[in-house]
Each structure stands twice: as C-alpha cells, then as structure tokens.
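Every chain is numbered from 1, with letters handed out A, B, ... down the list of sequences.
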Amino acid sequence: MVAFWILAPLMVASALGMLFARKAVHAALLLAVVMISLAVLYLVQDAPFLFAIQIIVYTGAILMLFLFVVMLVGVDASDSVVETIRGHRVFSILVGLAFGLTLVLGVAQVSFGTVIGLDDANSQGNVPAIAEILFTKYVFAFEVTSALLITAALGAMVLAHRERLTPKVTQAALAAQRMKDYAEKGTHLGPLPPPGVFARHNSVDTPALLPDGTAAEASISRVLAARGTVKSVPEIAAEVDELDTPDTPRGEGN
Amino acid sequence: MDTTPFIVLSAILFTIGGIGVLTRRNAIVVFMCVELMLNASNLALITFSRANGNLEGQIAAFFVMVVAAAEVVVGLAIIMTIFRTRRSASVDDASLLKY
C-alpha cells in the first residue's frame with residue numbers, strides 16, 4: 001500500500017500535467033511517468049507478467065511510436081487556444097468533472113467484498129498460470145489477435161505509403177538546374193557558406209559574418225532561423241568588441 | 001490491501017483522459033489521452049482480478065494492451081497521412097466533410 005500512496009499522487013499530477021502541457025513532447029513524457037507508475041502498481045498487485053508487458057509494450061513500443069510521430073509532425077503541432085464551438089471547453093470540463101465525480105462517488109460507496117488475493121492462482125508462478133488460461137480457454141481470442149495485428153501492420157503500411165508522383169531528381173538534373181539558376185537569376189553557383197565565426201564559435205546556430213559585418217543569411221539552417229535560436233549579429237559583435245578592446249596593447253599579455 | 005483506492009485512482013485517471021480527449025485540439029495529444037483511458041481501465045481490471053482471486057482480469061488486461069498496440073499503429077498512421085495532406089495535426093482542421 002506504501003507504493004500506492006507514493007505513486008497515486010504522482011500519477012494524478014502527471015496526468016493533469018498532460019492536460020496542460022503546451023507541447024506534445026511534454027505530454028508524451030508525462031504519459032511515460034504515468035505508465036511506468038502503473039507498471040509498478042501491477043507488480044504490487046501480483047501481476048508480474050503484465051508489469052513486464054506494460055513496460056515493454058507501452059513505455060517501450062507505443063510511447064516510442066508517439067515520440068517518432070511527434071518528431072515527424074514537427075514543432076508545428078502546437079495547440080490552438082481558439083475555440084471552434086463557443087463554450088465548448090467549459091462545457092467539456094464541466095461534463096468531465098461531473099462524470100468523474102459520479103464515478104468516484106459510486107465506486108466509493110460500493111463494497112467489493114473481501115479480497116481473495118492471487119496467492120492461490122499464482123501458486124505455480126504467474127506466467128505459467130496465465131499461459132494455461134490463455135492457451136486453453138482463450139485460445140480462439142488469442143488467434144484472432146494475431147489476425148488483428150497482421151491487419152494493423154498492413155493498414156499502417158498502406159496508410160504510410162506514398163506513391164512517387166514526380167521522377168526522382170538525379171545529381172545531373174540538380175547540376176543543370178543550378179547552372180540554369182545562375183544564368184537566369186545570378187544565383188551563386190558554389191556551395192552555401194558554412195556557419196560560424198570560427199575565432200569565437202563554430203556551432204551551427206552562429207551565422208557567418210560578411211566583410212561588412214552583416215550576417216550571411218544562407219549560412220544557417222532554415223529550421224534554426226524559424227525556431228529563433230540563431231545567435232544575432234549584434235550579440236556576436238558585442239563579444240568581438242569586448243575582445244577587441246583590451247586595456248593592454250596587443251601582442252602583450254598571454 | 002483494499003481494492004477501493006485502486007479503483008478510485010483508475011476512475012480519476014479515466015476522467016482526466018476523457019477531459020483531455022474533449023478539450024485538447026492536437027490530434028497526437030488526444031490520442032495520448034485515449035491511451036491514458038485504456039491504461040486506467042487496465043488498472044481496474046487487474047485490481048478486480050486480485051479481488052476475485054482468478055487471472056481472468058489479467059487476461060482481459062493483456063488483450064486490451066494488444067488491441068491498444070494495434071490501434072496506436074493505425075491511428076498514428078492516419079494522423080501522419082492527415083498531416084501530410086493538410087499540414088496540420090489539429091483535429092479542428094480536418095473538417096472537410098462538414099461542408
């Protein structure tokens with residue numbers, strides 16, 4: 001029971017955090033906390049097999065899948081605060097709370113009788129006992145599950161598959177396009193400038209400086225610029241100035 | 001060990017998941033809240049399994065997990081497809097059938 005009273009507040013807090021988390025990644029990590037705590041509660045309740053399955057399947061596989069999709073769908077996936085139906089949020093919270101209150105009050109009033117416990121059922125080990133039921137009484141459901149998994153795998157493949165609508169761009173075509181751009185628009189032929197002011201930084205979030213002191217836009221990734229994590233030119237200039245005007249004349253020191 | 005606290009916790013988690021499904025707009029977060037609800041019901045199943053002294057509840061929880069895994073795979077593939085065509089993961093943007 002100690003484990004329960006430690007984990008239960010943690011789980012409720014994490015679940016509530018999921019409701020308020022702005023970013024999908026934070027929600028996924030909070031969900032991981034809830035799932036691992038649940039696994040421990042399964043262990044406490046004499047279900048070691050489901051404890052392992054919960055960690056392997058839920059936290060290991062399903063949550064990783066969620067994180068992958070968050071990664072693919074990208075940073076854009078922010079929640080809009082605008083309501084499409086007026087009063088929708090207030091009403092859903094009210095209905096949800098009413099539902100929860102009814103459920104909790106109802107459950108709290110019911111007496112579940114004496115707890116028998118699983119010591120008898122688990123006498124020869126939890127896994128053999130589960131296997132015995134699964135492969136005798138529920139063997140048909142188990143077989144149907146395999147059909148479901150195959151269907152799901154095929155469905156995911158069909159949904160994720162994308163037909164190639166345009167021919168694949170070859171290196172020769174790219175080179176030709178580059179020459180064409182140079183001829184028509186005067187775009188620079190060579191590679192993009194590398195990022196970084198190498199005397200002070202060499203990280204990708206620092207734009208290269210042009211001779212006139214302005215930043216070379218093409219030297220940093222578009223993604224970093226969109227996120228706003230790029231170091232600004234005045235910031236770099238200030239640092240360079242700081243270095244440039246020491247009290248001691250140059251050549252001394254060191 | 002009493003069963004009531006476990007069932008109450010399961011009910012609370014289920015409610016939080018339900019509120020999340022109703023209020024959140026991001027399809028991925030909505031999906032996570034559905035998973036939370038499934039997990040909450042699993043906790044109730046395992047608690048009842050212990051209270052009744054047989055393993056049928058654990059078998060049921062096992063099948064819930066298997067079905068949830070299949071559901072997540074297909075659901076996330078659908079979210080990916082919608083995102084690819086509409087450039088958005090918000091459930092409000094996929095409203096083409098309305099018009």
Side-chain angles (χ1 to χ4, degrees), chain A residues 1 4 8 11-12 15-16 18-19 24 27-28 31 34-35 38 41-42 45-47 50 53 57-58 61-62 65-66 69-70 72-73 77 79-80 84 89 92-93 96 99-100 103-104 107-108 112-113 115-118 120-121 129-130 133-134 138 141 145 148-149 152-153 155-156 159-160, chain B residues 1-9 11-20 22-26 28-29 31-33 35-36 39 42-43 46-47 49-56 58-59 61-63 65-70 72-74 76-81 83-84 88-90 92:
Chain A
M1 223 48 203
F4 177 84
M11 284 160 72
V12 173
L16 282 176
M18 268 178 72
L19 286 187
L31 188 63
V34 176
M35 282 173 172
L38 267 176
L41 287 191
Y42 293 171
Q45 301 205 68
D46 296 331
L50 287 170
I53 295 293
V57 172
Y58 261 115
I62 294 185
L65 211 59
F66 268 113
V69 171
V70 169
L72 288 174
V73 165
D79 244 345
S80 69
T84 37
R89 182 162 303 165
S92 4
I93 289 174
F99 171 76
L103 203 60
V104 169
V107 163
F112 291 111
V115 177
I116 298 174
L118 287 172
D120 240 9
I130 283 187
I133 303 179
L134 194 62
Y138 291 102
T145 310
L148 174 77
L149 284 177
L159 282 169
Chain B
M1 265 198 311
D2 201 14
T3 37
T4 312
F6 287 97
I7 303 297
V8 170
L9 175 67
I12 292 173
L13 287 179
F14 190 87
T15 311
I16 293 175
I19 293 177
L22 290 174
T23 53
R24 294 303 297 259
R25 300 266 68 83
N26 187 335
I28 301 171
V29 179
F31 221 62
M32 283 181 207
C33 289
E35 289 305 308
L36 184 64
N39 267 301
N42 269 354
L43 178 62
I46 287 172
T47 309
S49 161
R50 184 169 57 88
N52 289 329
N54 63 37
L55 292 169
E56 311 260 322
Q58 292 194 10
I59 299 280
F62 173 73
F63 279 122
M65 282 180 190
V66 174
V67 175
V72 161
V73 168
V74 176
L76 287 178
I78 291 175
I79 291 177
M80 282 297 302
T81 319
F83 179 79
R84 219 182 260 156
S88 156
S90 170
D92 280 342

Examine whether an atom of [X] lies under 4.5 Å from a heavy atom of chain A, and if so say whether it belongs to the side chain, the backbone or both; otherwise answer neither.
{"X": "B:Phe62", "answer": "both"}
{"X": "B:Met32", "answer": "both"}
{"X": "B:Leu13", "answer": "side chain"}
{"X": "B:Asn39", "answer": "both"}
{"X": "B:Phe6", "answer": "both"}

Find the distance between [atom1] ([X]) and [atom2] ([Y]) and round it off to the nearest 0.5 Å.
{"X": "B:Leu43", "Y": "A:Leu50", "atom1": "CG", "atom2": "CG", "result": "11.5 Å"}
{"X": "A:Ile133", "Y": "B:Asn54", "atom1": "CD1", "atom2": "CG", "result": "6.5 Å"}
{"X": "B:Ile59", "Y": "A:Leu134", "atom1": "CD1", "atom2": "CG", "result": "4.5 Å"}
{"X": "B:Phe63", "Y": "A:Tyr138", "atom1": "CZ", "atom2": "OH", "result": "8.5 Å"}
{"X": "B:Asn42", "Y": "A:Leu38", "atom1": "CG", "atom2": "CG", "result": "8.0 Å"}
{"X": "B:Leu9", "Y": "A:Leu41", "atom1": "CG", "atom2": "CG", "result": "6.5 Å"}

Option that, when pairs with chain B are counted at under 4.5 Å, heavy atom only, ranks first among A:Ile116, A:Ile93, A:Thr145, A:Asp120: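 Top option by heavy-atom pairs under 4.5 Å: A:Ile116.
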Hey, which of [options] has the most heavy atom pairs under 4.5 Å with chain A?
{"options": "B:Asn52, B:Leu55, B:Asp2, B:Thr15", "answer": "B:Leu55"}
{"options": "B:Ile79, B:Ile7, B:Val8", "answer": "B:Ile7"}
{"options": "B:Glu35, B:Met65, B:Met80", "answer": "B:Met65"}
{"options": "B:Thr47, B:Thr4, B:Thr81", "answer": "B:Thr47"}

Whether B:Arg24 side chain and A:Leu19 backbone form a donor-acceptor pair below 3.5 Å: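 Such a contact is found between B:Arg24 side chain and A:Leu19 backbone.
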Close side-chain approach of A:Gln45 to B:Ser49, heavy-atom, < 4.5 Å: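 No - every pair of side-chain heavy atoms lies 4.5 Å or more apart.
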Check: A:Ser92 and B:Ile19 side chains under 4.5 Å, non-hydrogen atoms: no
Under 4.5 Å from a heavy atom of chain B, the part of [X] involved:
{"X": "A:Met35", "answer": "side chain"}
{"X": "A:Val12", "answer": "both"}
{"X": "A:Phe4", "answer": "side chain"}
{"X": "A:Ala61", "answer": "neither"}

Identify the heavy atoms of [X] and [Y] that sit nearest to each other, and give their distance.
{"X": "A:Ala15", "Y": "B:Ile16", "answer": "O-CG2, 3.5 Å"}
{"X": "B:Ala11", "Y": "A:Val104", "answer": "CB-CG2, 4.1 Å"}
{"X": "B:Ala70", "Y": "A:Ala152", "answer": "CB-CB, 3.7 Å"}
{"X": "A:Ala47", "Y": "B:Ile46", "answer": "CB-CG2, 4.2 Å"}
{"X": "A:Leu72", "Y": "B:Phe83", "answer": "O-CE2, 4.2 Å"}

B:Gln58 and A:Tyr42: side chain donor to acceptor below 3.5 Å: no
